[in-house]
Amino acid sequence: MLFPQLITLSLLPATVCSWASFTALSHSKRTSSSSSLIALSKSSELWNVEKVDHISEWTTAALTKTYPNPLSLKDNVPSSWFVGLNDAVAMNVKIDALETIDETCVLSDDDDDDSEEECTSRRGGINAEAFILAGPRAKISFDPSTSKAAIVTCGGLCPGLNSVVREVVMCLSRQYGVQDIVGIPKGYRGFLYPEEWKSLDEDVVQNLHNQGGSMLGSSRGGHDTGAIVDSLVKEGINLLFISGGDGTVRGAAKIAEEVKRRGLAISVACIPKTIDNDIPLIDRTFGFETACEAACEAINVANTEAEGFPFGLGVVKVMGRNSGFIAMHSSLASCVADLCLVPEVDFYLDGKGGIVDHLYERLLMHDKAVVVVAEGAGQKLMAEMGAAGEEVKDASGNVLLDDIGPWLCKQLKQRLDEKLEETSIHGDKLTLKYVDPSYMVRGIPPNTADNLYCLQLAHNAVHGAMAGLTNFIVGSVNTKECYVPTNMVANKRNVIDTSHQSLWEMVVFSTGQPSFQTNDDKDD
């Protein structure tokens with residue numbers, strides 16, 4: 001039996017592994033009754049674990065004294081609750097089994113060792129990427145009694161921001177005994193005005209998880225790296241927690257690098273926030289599930305409206321500047337969408353395979369149809385048809401999009417009216433209802449799943465910072481929280497994979513919409 005080309009990698013439960021403990025596997029023979037694979041590794045490690053900076057790398061010995069974690073001093077707390085030095089999370093659980101095997105390696109159908117040729121790994125071991133497992137360490141790098149922490153929220157609002165603020169405070173206070181905690185108002189610009197900083201304690205944040213928005217406020221832009229670090233030093237901050245999107249993450253990386261350049265004992269931890277779910281490498285970002293849930297409610301309203309009139313068409317625009325995850329997930333979850341348009345896939349209106357003919361068929365078949373469109377979809381088509389405006393950027397450097405919603409409604413109305421009027425014995429035209437819930441999905445409190453996720457992220461950010469780790473984001477990779485170096489996600493974006501097996505194929509198959517894929521796309 002041939003060795004399967006694609007397998008699911010099962011390491012330890014939930015893909016947590018100790019990369020040192022797996023070294024021996026690369027030197028042993030692994031056989032089965034049906035096939036065997038022999039490989040020798042020249043590598044001393046099987047896993048390439050991405051390094052996260054630690055303040056001890058650039059501070060003096062006097063500043064890098066370690067302290068017992070207060071959690072380890074509690075009665076009846078097992079040592080297994082604390083993260084070990086070698087604990088890591090595999091980045092990929094689906095791999096090409098032959099990717100790391102040299103061409104001289106032999107796959108055999110028998111168990112005769114003498115008939116098999118030994119081989120070496122192409123890259124000297126699997127060398128698969130992995131990330132440091134998040135969680136509390138038995139030893140920490142800061143004295144809780146003298147530590148001072150700051151929290152800032154930046155960029156657009158998102159369900160769960162207040163939960164993150166709450167849980168950072170709760171973890172610092174209850175688990176580590178840090179009592180000096182401040183909130184920086186109005187985003188990065190707030191660092192310049194320490195007299196406006198807000199003192200935070202358990203009483204202040206107690207009910208924040210039930211509120212939408214951010215109690216600290218937010219803003220775009222306003223980042224001055226040197227001035228921010230000056231402010232941290234002047235105010236005695238040694239633990240900084242930042243929550244924001246891609247622009248905020250870039251800013252956090254600059255702060256951490258400046259701290260490192262100055263040789264300061266300040267940990268910078270980032271809890272990534274983006275309602276679009278467009279941070280790469282991690283499973284999802286907080287607030288995304290709440291946004292999808294709210295989007296589904298809007299889609300159901302549009303469907304109800306469409307069902308109420310002859311040839312009813314509901315069009316729902318959801319958030320998704322460069323990534324269409326909200327549109328994709330909510331379209332599938334609502335079970336009523338007939339067409340989903342996302343930024344990753346170019347579409348066209350007219351002709352065979354166009355969206356007009358698809359919606360026309362659905363209207364004739366069901367007397368109604370529902371369209372879900374991400375805000376960043378169709379920008380290329382609008383430009384080609386002369387509907388794009390001049391390029392304008394916001395304070396974070398994001399290009400302001402042309403409004404796809406009203407434009408798409410106008411195009412569909414014009415084209416479908418003519419087709420339907422010729423078909424209807426009553427001369428009915430298209431009845432179009434447009435729903436734009438964009439900001440309704442941003443300012444609401446998080447649902448249960450997101451609230452729990454915010455707690456996990458915030459607590460693990462605190463654990464990492466207290467341990468002296470810095471310049472990292474905390475996120476879930478293969479369902480396990482871990483620490484990812486900030487530079488691996490800064491200036492990068494997560495988008496829908498439309499070329500391989502993914503949820504996008506389910507959208508195309510379940511809605512029956514055109515795939516908009518070319519033959520070249522299929523071959524890829």
Side-chain angles (χ1 to χ4, degrees), residues 5-8 92-96 274-285 287-300 302-303 306 313-348 353-355 357-359 361-363 365-366 368-378 404 408 435 437 441 447 449-450 476-479 493-524:
Q5 186 175 8
L6 290 176
I7 65 172
T8 298
N92 295 313
V93 294
K94 184 177 181 181
I95 64 170
D96 184 335
T274 163
I275 205 169
D276 293 343
N277 198 39
D278 59 0
I279 298 292
L281 299 179
I282 62 178
D283 296 339
R284 65 183 175 95
T285 52
F288 173 68
E289 290 198 2
T290 304
C292 289
E293 192 174 285
C296 281
E297 293 179 4
I299 294 170
N300 289 333
N303 182 62
L313 177 65
V315 178
V316 183
K317 186 184 79 170
V318 298
M319 305 198 83
R321 175 183 296 275
N322 300 108
S323 304
F325 289 103
I326 294 179
M328 179 175 71
H329 283 249
S330 59
S331 291
L332 286 172
S334 69
C335 302
V336 297
D338 298 284
L339 177 65
C340 176
L341 303 174
V342 295
E344 293 87 343
V345 179
D346 293 329
F347 64 90
Y348 51 93
I355 64 173
D357 281 355
H358 170 66
L359 291 175
E361 292 175 0
R362 285 304 173 98
L363 288 165
M365 184 180 299
H366 302 295
K368 64 96 180 179
V370 175
V371 177
V372 180
V373 55
E375 62 179 328
I404 181 66
L408 181 65
V435 180
V441 308
N447 63 13
D450 272 327
S476 175
V477 176
N478 297 320
T479 73
R493 180 173 288 111
N494 183 35
V495 296
I496 296 171
D497 181 2
T498 62
S499 300
H500 302 88
Q501 188 178 34
S502 68
L503 278 182
W504 181 249
E505 77 171 40
M506 294 188 181
V507 169
V508 174
F509 292 157
S510 66
T511 63
Q513 70 183 58
S515 70
F516 305 112
Q517 300 284 94
T518 65
N519 288 330
D520 289 340
D521 294 332
K522 293 177 182 178
D523 291 340
D524 290 341

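What you see is a predicted model, and the numbers here were worked out from it, not measured in a lab.
- Nearest heavy-atom pair, C296 versus A333, reported as atom, atom and distance to 0.1 Å: SG-CB, 3.7 Å.
- Contact annotation: the side chain of I355 never approaches that of V371 to less than 4.5 Å [non-hydrogen atoms, C-beta and beyond].
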* To do: Evaluate the side-chain contact (heavy atoms from CB on, under 4.5 Å) criterion for residues V372 and L339: first the C-alpha distance (whole Å), next the side-chain angles of each, then the deciding distance (0.1 Å), finally the verdict.
  => CA-CA 6 Å; V372 180; L339 177 65; over 6 Å; no

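- D338 contributes atom CG, which lies 5.5 Å from atom NZ of K368 (distance to the nearest 0.5 angstrom).
- Between the side chain of D283 and the backbone N or O of N478 there is at least one donor-acceptor pair closer than 3.5 Å.
- Checked by atom type and distance alone, the side chain of N277 never pairs as donor or acceptor with a backbone atom of F325 at under 3.5 Å.
- A donor-acceptor contact shorter than 3.5 Å is absent between the side chain of S330 and the backbone of C292.
- In this structure, CG in N494 is found 11.5 Å from CG in N322, a value given to the nearest 0.5 Å.
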* Audit row: V495, D278, side-chain contact (heavy atoms from CB on, under 4.5 Å) steps and yes/no -> CA-CA 6 Å; V495 296; D278 59 0; over 6 Å; no

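- Judged as a side chain to side chain donor-acceptor pair (under 3.5 Å), and not counting sequence neighbours, the contacts of Q513 are T511.
- D357 meets the salt bridge (Lys or Arg N to Asp or Glu O under 4.0 Å) test with K419; sequence neighbours excluded.
- Applying the side chain to side chain contact (heavy atoms under 4.5 Å, CB included) test to M506 and every residue at least two apart in sequence or in another chain returns L332, L503.
- In this structure A302 satisfies the side chain to side chain contact (heavy atoms under 4.5 Å, CB included) test together with V316, V435, sequence neighbours excluded.
- Every residue two or more places apart in sequence or in another chain that forms a side chain to side chain donor-acceptor pair (under 3.5 Å) with T290 is listed here: N447, D450.
- Sorted by first then second residue, the salt bridge (Lys or Arg N to Asp or Glu O under 4.0 Å) pairs that include residues 289-298, not counting sequence neighbours, are R284-E289.
- Here the straight-line distance linking atom CH2 of W504 with atom OG of S499 works out to 12.0 Å at 0.5 Å rounding.
- Here R362 contributes atom CZ and L313 contributes atom CG; the two are 12.5 Å apart, rounded to the nearest 0.5 Å.
- Scored by the salt bridge (Lys or Arg N to Asp or Glu O under 4.0 Å) test, K317 finds D403, D436 as partners (sequence neighbours excluded).
- Rounding to the nearest 0.5 Å places CD of E344 at 7.5 Å from OG1 of T498.
- The shortest distance between side-chain heavy atoms of V318 and V441 does not fall below 4.5 Å.
- Scored by the side chain to side chain contact (heavy atoms under 4.5 Å, CB included) test, A374 finds A327, P343 as partners (sequence neighbours excluded).
- Atom CD of E375 is separated from atom CG of L341 by 13.5 Å, given to the nearest 0.5 angstrom.
- D346 meets the salt bridge (Lys or Arg N to Asp or Glu O under 4.0 Å) test with K380; sequence neighbours excluded.
- No donor-acceptor pair closer than 3.5 Å links the side chain of N303 to the backbone N or O of I299.
- By the side chain to side chain donor-acceptor pair (under 3.5 Å) test, S334 pairs with no residue at all, sequence neighbours left out.
- Annotation: ring pair (Phe, Tyr, Trp, His ring centres under 6.0 Å) contacts of F288 (sequence neighbours excluded): H329.
- Of all heavy-atom pairs spanning I275 and G287, the tightest one is CG1-O, 4.3 Å.
- Contact of the I282 side chain with the S476 side chain is not registered, since no non-hydrogen atoms from C-beta on lie closer than 4.5 Å.
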